[in-house]
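The structure appears below as structure tokens.
Remember, it's 1-based here, ligands and their atoms both numbered in the order they're listed. Computation of the quantities below employed the complete heavy-atom set of this structure, encompassing side-chain atoms and omitting hydrogens, waters and symmetry-equivalent molecules.
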Amino acid sequence: MKKTVLLALAATLGALYLPAGSAGEPISDTPDVLKARALVKQLGGALKKELKAALKAKGPAGAIETCHLKAPDIAKAVGDQSGWHVARTSLKVRNLQDAPDKWEQQVLRMFEERKAAGEPLDKMEYSDVVMQDGKRLFRYMKAIPTGKVCLQCHGSDLKTRVSMQLDSLYPFDQATGFKVGDIRGAFSLSRELPR
Ligand code: HEC
């Protein structure tokens, strides 16, 4: 009897300490979550549009330079307009400026676990309020799936010109070897909350 009560207590405490959303249950639609989703849509849409046009005009090797020059600016513009911090990150980055911080690493690993448990990637997201450097931050991440078009520059079988261009711009590139359906990375957004 005593043992049962203790076990029940441990289970309750365990549930209390497990952050909401970490096991893949939906996160609630707060105004910050809705805003973060809208910004992801805006950034994702702008990046896709730019990528598509560059691939069509210049092919994959030429489009790398467009990504190199424009992707950081596009993210910064979406951030500046909204007052949020808006970025992309990954456990295997191409641009070292996209390297994940500790919180992002934890969330990216959790996304991998959720994927392994069978959760689809299209709506995989996570958010939390964290204290960081004395600031209260709302943080949000959304998984980015690898599609077929991505393999031209993030897959295993790259064209020679693509590999050469990547080597010259990103000597520390880790973002190859992905397959369709892998988590390529995530959008990562935050905003400072009043204390
Ligand atoms: C034409 C080549 C090319 C294609 C195709 C491409 N990417 Fe990239 N990707 C890049 C380059 C170059 C960067 C680095 C951009 C920078 O310097 O900020 C990058 C960076 C990223 C990043 C940021 C994290 C990191 O590794 O630095 C993500 C996430 C990403 N790509 C996802 C995708 C997805 C998803 C697709 C398919 C929809 C895709 N990419 C297709 C070239 C490409």
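- Residue, atom and distance of the protein heavy atom nearest to atom 24 (C) of ligand 1 are D98 OD2, 3.4 Å.
- Around atom 8 (Fe) of ligand 1, the protein N, O or S atoms found under 2.8 Å comprise H154 NE2.
- L166 is listed as a side-chain neighbour of R94, based on a closest heavy-atom distance under 4.5 Å.
- With contacts defined as side-chain heavy-atom distances shorter than 4.5 Å, the pair L55/Q152 qualifies.
- Counting heavy atoms closer than 4.0 Å to ligand 1, residue P145 contributes backbone atoms (N, CA, C, O) but none from C-beta onward.
- Residue contacts with ligand 1: F187 is excluded, as none of its non-hydrogen atoms falls under 4.0 Å.
- Taken to the nearest 0.5 Å, the CZ atom of R109 stands 12.0 Å off from the CD atom of E104.
- Taking any N or O of K48, backbone or side chain, none lies under 3.5 Å from an N or O belonging to ligand 1.
- Ligand 1 has an N or O atom lying under 3.5 Å from an N or O atom of Y170, backbone or side chain.
- Looking at I64 against ligand 1, both its backbone and its side chain come within 4.0 Å, counting heavy atoms.
- Here the closest heavy-atom approach between residue L43 and residue A75 is recorded as CD1-CA, 3.7 Å.
- Salt-bridge annotation for D80 and K76: present, with a side-chain N of the basic residue lying under 4.0 Å from a carboxylate O of the acidic one.
- Looking only at side-chain heavy atoms (C-beta outward), V33 and S28 stay at 4.5 Å or farther from each other.
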